[in-house]
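Everything on this sheet refers to the single structure shown next.
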Amino acid sequence: VTLHTTHVDWFGLGTIFALIGASFLSLLCAVLVPRAARRLAAASIAAAGFTAGIVLSVWLYVDSTHAHTIVSGAFYRDRWTALGQVILCAVGLATTLVGVEHVPGWSRAADPARRDDHIAEFFALLLASGAGMAFFVGAGNLMTLFLSLEWFSIALYVMCAIDYDLEGSLEAGLKYLVVGSFGAGALLFGSALVYGATGTISFHGIATAVATHGLTGDTFVVTGIALIVAGLGFKMSAAPFHMWTPDVYEGAPTTVTAWMSSATKVAALLLAFRVMRTAFPHDEHLWSWAFAIVATVSLAIGNFAALVQRNVKRILAYSSISHAGFMLIGLSAGSALGGRALMYYLVPYSAMAFGSFAVVAARERELGVPVTLENLAGFGWERPFLGVAMWFFMFGFAGLPLGGGFVGKFYVFAAAYRHGWVWLVIVGVLATLVSLYYYLGIVRAMYMRPSTELQVQPGGVAVSGGAPARETLLHLAVGAALVVSFGSLFAVQPLIDLAQHAAGALPF
Amino acid sequence: VNADSLTSILIWLPIAGALLIWLLPLSRYATGSLAMLFSLAEVGFWIEQAARFDFSRSGLQMTERASWFGDLGVSYHVGVYGFSVWLVGLTVVAMAACTGYGFWVGRDRSRAYFGLMLLLTGATVGVFEAQDLLVFYAFFEAMLIPLYVLIGVWGGARRMEATIKFVIYTMTGSLLMLAAIVVYGLKAGTFDLVDGPVSASRWLFLGFMLAFVIKAPLFPFHGWLPDAYREAPPEVSAVLSGVIAKAGLYGMLRIAIAKFPEPTSFYRTTVLALAAAALVYGSLLAFRSADFRGVVAYSSLAQSGLIALGLFAGRDLGFDGAVLQMVAHGLISTSLFLIAGVVERRTTTGEFRLLGGMARGRPALATLLMTVGIISLAVPGSASFAGEFLILAGVFQRAWWWSAIGAGAIVLAAMYMLRLISAVLHEARGSTVVDEALDVRPGELALVVPLVGALLLLSAWPAGISHHSFFGQSPAQTVRSQFR
C-alpha cells in the first residue's frame with residue numbers, strides 16, 4: 001500500500017520553521033548551557049531566529065506575487081501572510097532585545113542566584129508564540145485557525161506567569177488562561193457551527209458552499225460568524241471582550257506585555273480580516289456592522305476607562321483597547337482601502353505600543369515598584385532619550401502628526417467614509433479627543449511635574465542604587481520603535497504600496 | 001537658492017535646527033546662540049522670499065509638490081500667495097524676537113526649550129504655506145505639540161489647568177476639522193487646496209470654521225484664552241496671540257471663505273455677529289482686567305473679532321484691511337507681551353494694583369510702552385489705524401451698523417490701552433516697584449525695537465501690505481476666484 005502524502009511547500013512555511021527551530025534550540029540551552037552563559041545564549045538564538053524570520057518572510061513577500069494555498073489548502077502563501085510575518089518577527093526581535101535585561105521582572109532580578117531561572121524557557125516560549133502567530137496569520141481553514149490560536153495562546157499563558165514570585169504575574173497568567181480559553185471555546189464552537197452548515201472547513205470552501213447552497217443569512221452560519229467574531233475579539237482585546245486586558249497587561253512582566261500588546265493584535269486583526277473576506281464575503285453586511293459596533297464599544301470603553309487609571313500599564317492597556325477600536329474601523333469597512341488602512345495602521349501602532357511598554361519596563365526596573373502617573377514625575381528630564389521616546393509615542397497614539405499614527409487614523413477614517421459611514425468617522429474623532437486627556441496626562445507626569453514630587457513607597461526592591469542601569473539593548477529597541485513610528489509618517493507611500501499588494505491577495 | 005525651494009526651506013530649516021539642538025550636547029549659551037542663528041537665518045530667507053515674490057503675478061508662487069500618498073490624492077504641496085508672504089514674515093520676525101527673549105532671560109532646560117521654539121516656528125510657517133489640506137492639518141496640529149510643552153513646562157503656577165483647557169479646546173475644533181477634511185477630500189478626489197473644487201456643504205464649512213474660531217478665537221470659543229495667555233511664559237503668550245491666533249484667521253480666509261462661498265454667505269451674519277461680540281466683549285473685558293497680560297490677552301480677542309469682521313465682510317477693503325491688521329496686531333501684541341515680560345521680571349507681578357510709576361527713571365521703558373500702546377489704540381497715522389479703518393470701511397459696505405459697533409470698540413481700545421499705560425508707567429509708585437529695578441536693558445531693546453520699527457514702517461506705508469496681498473484690483477474678486 002502506498003500512502004498518499006500531500007505535496008508540502010516547505011519554503012512557504014519557512015518563517016514558522018525558523019522560529020520553531022530557534023525555539024527548540026533555546027529550550028535546549030536550558031539544559032546544555034551553563035547558567036552563566038544561558039541568558040546570552042538563549043537570547044542570541046532568539047535574535048537569530050527572529051532575524052531569520054524577517055529575512056524569510058521578506059523573501060516570501062517578494063516571491064509570493066501569486067497568492068495560493070499550500071499544504072492541501074491549510075495555509076495561505078501570499079503577501080498578506082508574509083507582510084504580517086515581517087511585522088511579527090520585527091516585534092519579536094525588539095522583544096528579545098528588551099528581554100535580555102528585563103525578564104524576569106524586577107522581582108527575581110534582584111537576586112543574582114535566581115536571576116536566570118527559566119530564562120531559556122522564556123525565549124523558547126517567545127519564539128514559539130511568534131511561530132504560532134506567524135502560522136495564525138496565514139491560516140487557511142478553521143482547523144489551522146484554531147490550532148495556531150491555541151499554539152500561541154498557550155505559550156502566552158505561560159509567559160504571563162513567568163515571573164511567578166509575583167502574585168500579579170501568576171494572577172495574570174491564570175486570568176488570561178481562563179478568559180482566553182473561553183474565547184477559544186467560542187471560536188471553536190463557532191467553527192463547528194459553520195462546518196455543520198457548510199460541510200467544509202476551508203475558508204474558500206465555506207464561501208463557495210454558502211454561495212452554491214444559498215446559505216447567506218443561514219442561522220448556523222450567522223451564529224458561527226458571531227462566535228468567531230467574539231473569539232477573535234478576545235484575542236485582539238476589543239470591547240466587550242476586553243475584560244482580561246488591563247489585569248493581564250498590568251500583571252504580566254512588562255516585556256511580555258509589550259509583546260502581547262503589539263504582536264497579538266497584529267495577528268488577530270490580520271487573521272480576522274482574512275477570514276471575514278475569504279470565508280464570509282456573502283454576509284459582509286452582517287460582520288461589517290458587527291465590527292463597526294465592536295469598534296464603537298471599544299473606542300468608548302477603552303478611552304473612558306483609561307481616563308481614571310493611575311497605573312501607566314493599565315492606561316496603556318486601555319489605550320490598546322481603544323486602538324483595537326480604531327483598527328476595527330478599517331476592518332469593518334471591509335474594502336481594499338480598509339485592508340490597506342488596517343495593514344498600514346499596524347506598523348506605527350505596533351512600534352508605538354511596543355516602545356511605550358519598553359519605556360515603562362525601564363522605569364519599573366529603576367523604581368522597583370509599578371509605574372504610576374505619580375512616580376513618573378521627572379522621568380522625562382532624568383532619562384532624556386526614553387522620555388523623548390515616550391513623548392513621541394504618546395503624541396503619536398493621540399493622533400497628532402508626530403508619527404504614522406496620524407496617517408493611520410486618517411486612513412481608517414477614509415475607509416469608513418468610503419463605506420458610507422460618516423457616523424463612524426465622528427465616533428473615531430470624538431474618541432481621539434477623549435484619548436488626548438490621558439496621553440497628555442503621561443507627558444504631563446513626565447515633564448511638567450518636578451521629580452521632587454516623586455512618591456516612591458519605601459520597601460520597593462530597587463535593583464540598582466544610584467544611576468540607572470545602562471540598558472543599551474532596551475535603548476536600541478526603543479530607538480528602532482521611534483524610527484519606525486516617525487518614519488512611517490514620511491514613508492506613507494511605500495508602506496501603502498506594500499499594504500496594497502498584501503491586501504491584493506484577498507478576494508474583494 | 002532656487003526661488004521655489006525657499007518655501008520648503010522656511011518650513012524645514014527651523015525643524016532641522018530643532019533636531020540639531022536636541023542631538024548636540026551643547027551648553028546653554030551655545031544652544032541659545034545656535035537657535036538665534038537659525039531664527040535669524042529664517043528671517044533672512046524670508047526677506048529673500050519677499051524680495052523674489054512677484055506681486056504683479058496672479059496665483060500661487062514658489063510652489064513645490066511631491067506625492068505623499070497617491071491613492072487618496074494627498075501630496076506635499078507648498079507655495080505662497082501675497083498674503084501668505086506677509087504672515088510668514090510676521091511669524092519668522094515674531095519668533096526670532098521671542099526666541100531671543102527666551103535666550104535673554106536664560107530659560108532653563110535650554111536644549112528642550114530652544115528646540116521646541118524652532119519646531120514651533122517651522123510648524124507655523126508650514127500652516128501659512130501648505131496648499132494641501134492634510135499637510136495644512138498636520139502643521140496646524142503640529143503647532144500644538146511644542147505649545148503644549150512650552151506652556152506646561154515653563155509656564156506659571158496654574159499651568160496645568162491652562163494647558164489642559166488649551167489642548168482640549170483647540171483639539172475639539174481641529175479633530176472635527178479632520179473629519180471635514182476626510183469628507184471634503186474624498187468627495188473631491190483630491191486634498192489639494194489649489195485644485196480642489198468649491199463646496200456648498202454647510203456641515204463641512206462648520207467643521208472647518210469651528211477649528212478656526214477656536215484658534216483665533218472668537219466669542220464664545222475663547223474659554224482657553226485668559227488662562228493660556230496668563231500662565232504661559234511671556235514670549236510664548238506673545239507667539240500665541242501674535243502668530244498662532246493668526247493661523248485661525250488665515251484658515252478662515254484660505255479655506256472657509258475661499259472654498260465654501262455659499263455657506264459663507266449663508267452664515268455671514270452669524271459669523272459677523274460672533275466677531276462683533278468678540279470685539280465688544282473682548283474690549284470690555286480688557287478694560288476690566290486687573291493685570292497687564294489680561295489686558296493684552298482680551299485685546300487680542302477683540303482684535304481677532306475685528307479681523308474676522310473684515311474677512312467676513314466679503315468686500316475689497318475688508319480683505320485688504322484684515323491682512324494688514326493681522327500683521328500689525330501680530331507685531332503689536334508680540335511687543336506688548338514681551339514688554340509685559342520685561343515688567344514682570346522687574347516687579348515679579350503684572351497686577352496693576354501692585355504696579356505704577358515705572359516711567360520715573362526708566363525713559364526707555366516708558367517710550368517703548370507708550371509707542372506700542374499708541375499704535376495699538378489706532379491713533380490716526382498708525383498701522384493699526386489704517387487696518388481698522390479699512391476693515392470698518394469694508395464692513396460698512398455690508399451694513400452701516402457693523403462699523404458703528406466697530407468704531408465704538410475702538411473707543412474702548414483707547415480706554416483700556418490708556419488705562420494700561422497709566423497703571424504701569426504713571427500713577428503712584430506701586431509696592432513692587434523698587435528703585436533698583438532697571439530700565440529696559442540693551443538686550444531687551446534689541447528684541448523689541450525691531451518689532452516697533454517694523455510697526456512704524458507699516459504706519460508710514462500701510463499700502464506695502466494692503467496693496468500687496470491680493471492680486472488684481474479687487475481682492476473680493478480674487479478670493480472668489482480662489483486666488484487664481
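Per chain, numbering begins at 1; letters A, B, ... match sequence-line order.
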Self-check item: Choice from K409(A), R444(A), R418(A) maximising heavy atom contacts with chain B below 4.5 Å
Solution: R444(A)
Self-check item: Contact origin within L337(A) toward chain B - heavy atom pairs under 4.5 Å
Solution: side chain
Quiz prompt | Test item: Y148(B) side-chain N/O and L440(A) main-chain N/O as donor-acceptor pair under 3.5 Å | solution = yes
Quiz item: Does any heavy atom of chain A fall under 4.5 Å from the side chain of R109(B), the backbone, both, or neither of them?
Solution: side chain
Quiz prompt | L489(A) CG to W68(B) CH2 distance, which is reported to the nearest 0.5 Å | solution = 5.0 Å
Quiz item: Counting heavy-atom pairs under 4.5 Å to chain B, which of V425(A), L400(A), I496(A) comes out on top?
Solution: L400(A)
Quiz prompt | For chain B, the option from Y411(A), W391(A), F395(A) that forms the most heavy-atom pairs under 4.5 Å | solution = Y411(A)
Quiz prompt | Contact class of S67(B) relative to chain A, heavy atoms under 4.5 angstrom | solution = side chain
Quiz prompt | Non-hydrogen side-chain atoms of F413(A) and I181(B) separated by less than 4.5 Å | solution = no
Exercise. Answer with side chain, backbone, both or neither: which region of V74(B) has an atom nearer than 4.5 Å to a non-hydrogen atom of chain A?
Key: side chain
Quiz prompt | Atom OH of Y76(B) with >12 non-hydrogen neighbours under 6.0 angstrom | solution = yes
Quiz item: Got a donor-acceptor contact below 3.5 angstrom from the R159(B) side chain to the M448(A) backbone?
Solution: yes
Quiz prompt | Which atoms of L433(A) approach chain B - backbone, side chain, both or neither, heavy atom under 4.5 Å | solution = both
Practice problem: Answer whether the closest heavy-atom distance between the side chains of V388(A) and W22(B) falls below 4.5 Å. | Solution: no
Exercise. Using a cut-off of under 4.5 Å on heavy-atom pairs, state which of G185(B), A112(B), A138(B), S174(B) scores highest against chain A.
Key: A138(B)
Quiz item: Are Y137(B) and F410(A) close enough that their ring centres sit under 6.0 Å apart?
Solution: no
Practice problem: Can you tell which part of A123(B) gets under 4.5 Å to a heavy atom of chain A, answering side chain, backbone, both or neither? | Solution: neither
Practice problem: Could you tell me the separation between the CG atom of L430(A) and the CG atom of L175(B), rounded to the nearest 0.5 Å? | Solution: 8.5 Å
